[in-house]
Every structure is written in C-alpha cells, then in structure tokens.
Novice: 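Have a look at the structure that comes next, please.
It should be emphasised that the depicted structure is a prediction, and the values quoted were computed from it without experimental measurement. Naming: A, B, ... by sequence-line order, numbering from 1 per chain.
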Amino acid sequence: MSKIDDALSKAAAEGARSLVPSYGADMSVSSTSSSRVLAPIQSKKGDIALMLEPKLLTPSELEKRRIIHPHTRNRVIIDSFRKLRTKLLRETDGGNLTIMVTSVRPGGGGSFTALNLATVFSFDKAKTALLIDCNLQSSILMEVLRIQSEVGLIDYLEDDDVSMDEIIQPSGIQRLRWMPAGAHREITQEYYSSVKMRVMMKALKERYGDRYIIVDAPPVTEAADTSILAEFCDYILLVVPYGKVTERQIEEAAKAFGDSKKLGVVFNNSPDYLRAG
Amino acid sequence: MPITPEQLLRVLFNEVIAHRMIAVWLFIVISLGILGAGLVYPKQYVAFTTILIDETNIIKPLTEGVAIPTDSRDYARVAGEIINARKVLTKIGLENGMITAADSPLQQELTRDRLKDAINIYKVASNLIKIEYKDANPERAAKVTNSLAAQFVEESAQAKDHESTSAYDFIDKQVREYHAKLVFAEQNLKQLRSKNLDAQPGSEAAILERINTLQGRYERSSLALKEAEVRRRSIKRQLGDESAMSASLNRQGQYHDRIVTLQRELDSMRLKYQDNHPDVVRALHKIEDLKESILKEEQQRKQARKSGKKSSQAKGVAINPLYQQLRSQLATAETEVETLRIRLTETKILLENERGRSIRLHESEAALAEFTRDYEVNQDIYHRLLTRRELARVSKNLNAEGQGINFRIQEPAAVPVKPTGLRFLHYMIGGIVLGILVPISLIFAKIQIDPRLRFSSVISSKLNLPVLVEVPHMPTVFEVRRARFRFRLLMLVVVAVLYMYGYVGWMKWTGSI
C-alpha cells in the first residue's frame, strides 16, 4: 500500500471522529432513555448522524482486530463482504433484515463474519446495524471488541429491571451497536425460547426500519439453541471454514435448520495468495 | 461439478504457500542432503574384460558325431557360477589384498559378498561374455577384473577336463559291468542247451510231424482192429450155424430124392398099370427099402452123436467142408485182431512219449528264449557302451589336447579413466528437482487424502447449498509484516542453498574438491 492510501484512511478516520463531537459522558443519556423502548421510530438521516458514538476505533485498531473499514487496504476482503451485503439485500424488499450467522464448527469464523457483515452494513450512512452476541458459552466478540460489559442479553432476559437500552451498546464502530451476551451461563435454551426473547427480537426488528440485525449464533453443531434462534431470523448464513470441515459436517449443519429458512454459505478463510499478493 | 484442474492448481498453490515453512525446510533438507550424498558418495570405476568362447576349431568337423564336446550354452550363467564360488572369491580377495589371513570368517564373508555385488557378468554375443567389476579404485578394478578372467578361464578348463574324465570313467565302469553280465548270460545259455539236447532249432517241427504220423497210424490201427473184430464175430456166428458133420445128412437126402423119384415113377406107372404089375410092385418095394434105409441112417446118426464126433466117419458121416473153411477163417481173424491190438498199444505208447517230449521241449524253449533275450539286450547295450566309451575317450583326449570349447580372454581389462554411475551434476540437478517436487507432492497427497473441504464448488454442486461469497483469509497488519519477514527469510535461505549449490558446483568444476 502506498503512502497516499495511508493518508486517505487516516483522514477518513479523523473525519469519522469529527462527526461525533461528544464522547463518554453522553453515553448515559442514551442508556437512560428507556421510555422509548417499544415505540417504533422512523429515524431520519440526521438522527443517525447524531448517534452518540463514544470512542471510535481507529483504522489501525480495526485492522488489528480483523475488522474491515471503508479504507481497508485489503480490497479483496472488503469486496467479498460488499458482495455478500449486496446478495443479502436482494433478499429484502427495502426493509431491514435479521440475519443469523453461525459456523459449522467452533473456530470456523462465525463471529468474524458476523462482525464484519454488521460493519459492512453500517458503511451506509443512512443505515445502522445491530450485532447481537448469542455466544453465551464463549463470546469472541467481547474479546475482539475489547469492551467489558456489565450487562448483556442474558441479564435482560433474566432480570426485568434491565432495560433494552442498557444492553444495546456502542461497539466502537460507527453506526454499529452491539448487544453483548452478558453473564456466563451454562444452560441457555430456555432463555431463547422465552416469550421475552421473542418480544425483544420483534421489537428490535420493527423499531428501526433502517437497522440491520445480525445475530452471532454459536456453531450449529455445538449448540442446540442455534436452531431456536433461527426462528427469529430471516436469513441464515452458514460459515464453512476452509479445510476444516468435511462434507458430511456441512450437510448435518444445513439439515439442522430444515428447509423452511433461507440459507446461504460463506466459504471463509480460503487462502488466496495469488490475489492477495 | 467436478473439480477443475485450474481449481486444483490454485488450491495446491495456496496450500504450498500456507505450508511454506515445511516446504522450504524440506527443500533445504532434501537438496542439501542429495548434494552432500553426491560429495560423499565415492566414484565408482568399472573395469571390464571380454572372454571369447572359441567353439570353432579344426578338430570339430573331424569329431562330429564321434566326440561330444562339453556342452555349455549359457556361458554367462556358467561363468557366474564359477566366479561366484566361494573358493574363487577367496582367491581373488587374497590376491588383491582385500582379504587377509588375519580377517575373521565373518569379515571374509562380508568381503566376499561385497565382491559378489560388484561383479557383473553378462552375455554380449552368443560366444562372448563380459565380466565387469566395480570399484572405487580404478587400478584395483582393472587388477581384480583381470584376475577374475584368469580364474574363470582356469577353473572352466579344469571343470571341463574333470567333466570329460569323469564321463569316460563312468562309461568305462559301465562297460565292465555289462561285460560281466554278458558273460554270465552266455554261461547260462550254454548250460541250458546242454541240459536240453532236444531243444534244438527245428526239433519242434520234427516232433510235431512224428506225432502226426503216429496219430494217423493209431487211428488206422484202431479202425483195422474194429474191422477185424467185426469179421471175427461174423465168422463165429456162421460157424455156430454150420454143423461139423454133413455127410450122413446127405445120404438121407439121397434116399429122400430116390423115394420122390420112385414115387413119381410109380404114379406114372399106376396110370398105365395095375398095382400088381411087377414094375409097380418093384417100385413099391424099392420105396419101402429106401424108407427103411432112412430110418437106419437116423439111428446111426443118433448113435454116432452119442458115441463121439468122429465115430461115424467110417460109416459115411463126413465132416462139413464149409465148417472147416470157416474155422480156418476164424483162426486167421483172431490172429489179426491180436496183432492189431498189440500194434495199437505200441503206437499209443510211442505217441505218449512224443507228446511228453514236445511238452519238455516247450518248457526248455521258454527258458531258452528268456536267457537269449537277456543275452541279446545285454549284448546290445554292451556294444553301444563300447562305442560311447570310445567317444568319451576321444573327448577326453580332445580336452587334454586343449581342443573343444576354449575360453580365451579376448580383451584384458584396462584401468578405467572415467567413473561410472551418477555424476555430480546429476546429484545437483536431482537435489534441486526433488527438493521442489517432494514437498509439493506431499502437499498434493495431503489434499487428495484429507476429506476436509477445500473447494467451495463442492458445496454448491454436491450439497446443493448456495455459496454466497468466498471470504479470503484476513491477516492483520502484524501478520502481514511477519509473513513478509518470514517469506524474505525463507527466500534468503533458498538463495543461500542455491548459492551453496553454485559454489560447490564451481569447486567441482575447477577440481578443487
């Protein structure tokens, strides 16, 4: 990469920061506005621009965390995520989408794909994205984003005192909010099949028409709750890691969802040294 | 959709890059290993000698069909057998200082094995064999090869000599054995012949003829006897019917005849005369007289019978002549019967004798035939063996004279100048080629064997799942930098290896090593 590219990406990062003048202190404002939880709101372009963004991650920090940004030097990877976004947008008739991302096996890149997919949706200045971390057993997102959260999805489902606004948090990426998994729990199935979960998912989808919801689900072969989560989603992305799973494992994973859901495969981590140089 | 070669190549390339550390290490180990082997591996020099098998000689046409030359069609194999013998190898080893008296038996055996491996014998043409010997020392190679050839020629000459001598000895022994057998058979035959004098050629036919004659005579005699007996019986019967005394009967008859005649005369006279006619009365008286005479005669006969046979002769009682004749005939017939009986018995005895002789003759003939057969077979074999012995004698002399098959060293071994086998350049090329090919082949094999999926096309074609996108690996900046650093390092190592190759090659070229 040339120095010009470096300069451009730096300028872009700085520009992104200048769009959000206030940091830290304003976080409490958004978290306390619990009165608007269930009311569907049509946000305007200005609203999104005025979204409170605490400390945003710089491009180099993003690259360190394997998160794409509009000026990523690795064009192959950013193009592939843009292509994926385009293909997914074809599935919708203008509204938003709830997409579940699950890997065939642990370490298959499910969370990586979910995070970057959410990021690529949030590239559009008129749209926002919400990433829900459903990996209760081992949350990778928390490690990647390096955000220590007190409350999360489980706390919300368990405790009526916790409001939804409390658990939707800034991710450090512009226009991308995330919902951490919360306290570590062993058995998770009953939470996902609860009415509260159903209501929450419906609310999240209907509240902002321009918000894409990405659910980062645990690997389908490892957890039974993934298929329960699939019920709340419009589309399932099955992440197949290169050279790690057999055909049979993929077949079994696809079978777990049945034929009723739309399903697509993301072939992840395929080495392409020819194009990457 | 099957995996296209292009996809396969791309995956192979990516896998090789992904495993570049292992691949480069393998390259270094293999290429340097082969280079080192090329440096260390001693040069091998091959010395060779050719041996001509001289079959065409002057004597051959002369001895054709008479002497059987030592047959050795597969000379290369024969040569191998001779040279690889422990005796020859030990001798060669001792001559060339490879085996010393101080060596343990195991060491000696190992040296012999090494020698055996280094020797190569093969057929160049139908009458030319080549002996090769490989050694690190060219001079020693030539020396050993020459002594191998010399040993071979010497040993094969000895073997040939031994072979023909032993053949002669064997046949000679056989000849003597058969001679003894033949003598024994002859003696047997002689004994048998003297015991059975009848048993001469042709005697059987004579006996048969004689039997036939006797048989005929017997039958004829038997027939004549029967005839004589019949005749005798009939004469006897006739004799019984005829009475011995016939004369008186005749007189009575005469009386009766006269009575009848007189009666007839009387009857005719009574036609003419009265009964008192004298003629009639006379006739009547005569008849009366005759009747009286008859009565008298009868009485006389009765008396005669009572008094004896010959008593009445005088009184006209004669013996019957027919009876006499019959009696003489009977006597003749009885004599004949007796004679014939004796002859028949005699003939029968003779016939029995001849038959017995015939049986004895057959028995002795069977024994004779057996002895003769043995004798003839032995004789035949003996004659043939005699011929063979003479052939063997000629072959033996042929070998002794140095004729027959000859092994001649056609071309003695020279000190080889150029080493054989793989040259250093081959090692260099092989090292680099194998260094590149082996890791790639291993990775290729891994792709083929590993069931884990590496081709996205399989998901869409085989599993019928839509593949939305292929997301390549996303390295972090640090990873990219580290990968670049490592890549450069690996390239440096590869360049170092290549440089080493060049350096060693140059040194070799200029002859510094």
Side-chain angles (χ1 to χ4, degrees), chain A residues 1 59-60 62-68 72-74 76-88 90-91 104-105 109 112-113 116-117 235 237-251 253-255 262-277, chain B residues 1-3 6-24 440 443-484 486-488 490-491:
Chain A
M1 279 289 171
S60 66
L62 288 169
E63 276 180 13
K64 262 185 208 165
R65 290 163 165 77
R66 290 183 220 273
I67 301 168
I68 53 168
T72 303
R73 278 175 286 186
N74 190 341
V76 181
I77 194 115
I78 198 160
D79 285 348
S80 66
F81 276 107
R82 279 191 166 134
K83 200 170 139 195
L84 179 62
R85 182 186 64 183
T86 312
K87 282 196 176 175
L88 287 171
R90 270 189 213 141
E91 301 290 328
V104 176
R105 54 157 280 175
F112 162 80
T113 311
N116 279 302
L117 183 65
Y235 204 92
L237 275 186
L238 188 64
V239 179
V240 175
Y242 168 91
K244 278 183 178 167
V245 290
T246 61
E247 284 173 35
R248 227 183 117 183
Q249 282 174 308
I250 300 168
E251 230 177 346
K255 248 188 237 166
K262 282 185 184 172
L263 192 140
V265 172
V266 173
F267 197 59
N268 183 36
N269 206 20
S270 89
D272 197 349
Y273 296 98
L274 277 176
R275 274 195 288 170
Chain B
M1 189 176 76
I3 297 154
E6 191 229 321
Q7 281 176 318
L8 190 66
L9 272 178
R10 211 174 65 213
V11 167
L12 183 64
F13 174 79
N14 286 328
E15 286 285 324
V16 170
I17 300 290
H19 296 94
R20 54 194 174 273
M21 282 299 270
I22 294 170
V24 167
I440 290 176
I443 288 165
F444 182 76
K446 188 198 159 201
I447 295 172
Q448 294 294 320
I449 293 164
D450 195 1
R452 290 176 296 188
L453 207 74
R454 286 187 169 78
F455 301 92
S456 63
S457 59
V458 175
I459 302 172
S460 49
S461 64
K462 240 174 147 180
L463 304 173
N464 274 327
L465 296 171
V467 178
L468 298 181
V469 75
E470 269 187 52
V471 178
H473 177 68
M474 185 183 182
T476 61
V477 177
F478 172 69
E479 276 176 345
V480 169
R481 269 191 214 135
R482 192 180 58 185
R484 275 191 191 146
R486 279 189 184 166
F487 188 71
R488 277 175 200 150
L490 289 176
M491 283 300 114

Novice: Do the non-hydrogen side-chain atoms of A/Phe267 and B/Val458 ever get within less than 4.5 Å of each other?
Specialist: no
Novice: Is atom CD of B/Glu6 surrounded by more than 12 heavy atoms (other residues, nucleotides or ligands) closer than 6.0 Å?
Specialist: no
Novice: Can you tell me how far the CZ atom of A/Arg66 sits from the CD atom of B/Glu479, to the nearest 0.5 Å?
Specialist: 4.0 Å
Novice: Counting only heavy atoms closer than 4.5 Å, note whether A/Lys87 contacts chain B via side chain, backbone, both or neither.
Specialist: side chain
Novice: Given the options A/Arg65, A/Glu63, A/Glu247, A/Arg248, which has more heavy-atom pairs under 4.5 Å with chain B than any of the others?
Specialist: A/Glu247
Novice: To the nearest 0.5 angstrom, please state how far the CG atom of B/Leu468 sits from the CG atom of A/Leu263.
Specialist: 8.5 Å
Novice: Roughly how far apart are A/Ile67 CD1 and B/Thr476 OG1, rounded to 0.5 Å?
Specialist: 12.0 Å
Novice: Kindly compute the distance separating CZ (A/Phe112) from NE2 (B/His473), expressed to the nearest 0.5 Å.
Specialist: 8.5 Å
Novice: Does any backbone or side-chain atom of A/Leu237 lie under 4.5 Å from a heavy atom of chain B? Answer side chain, backbone, both or neither.
Specialist: side chain
Novice: Hey, could you give me the CE/CD1 distance between B/Met474 and A/Ile78, rounded to the nearest 0.5 Å?
Specialist: 8.0 Å
Novice: Where does B/Ile459 contact chain A at under 4.5 Å (heavy atoms): side chain, backbone, both or neither?
Specialist: side chain
Novice: Which heavy atom of B/Glu15 sits nearest a heavy atom of A/Tyr242, and at what distance?
Specialist: OE2-OH, 2.5 Å
Novice: A side-chain contact here means heavy atoms from C-beta on lying under 4.5 Å apart; do B/Val467 and A/Val240 qualify?
Specialist: no
Novice: Among B/Pro475, B/Ala18, B/Ser456, single out the residue with the greatest number of heavy-atom pairs under 4.5 Å to chain A.
Specialist: B/Ser456
Novice: CG/B/Leu465 to CG/A/Leu238 distance, rounded to the nearest 0.5 angstrom?
Specialist: 7.0 Å
Novice: Is B/Leu463 close to chain A through its backbone or its side chain, or both, or neither, when contacts mean heavy atoms under 4.5 Å?
Specialist: side chain
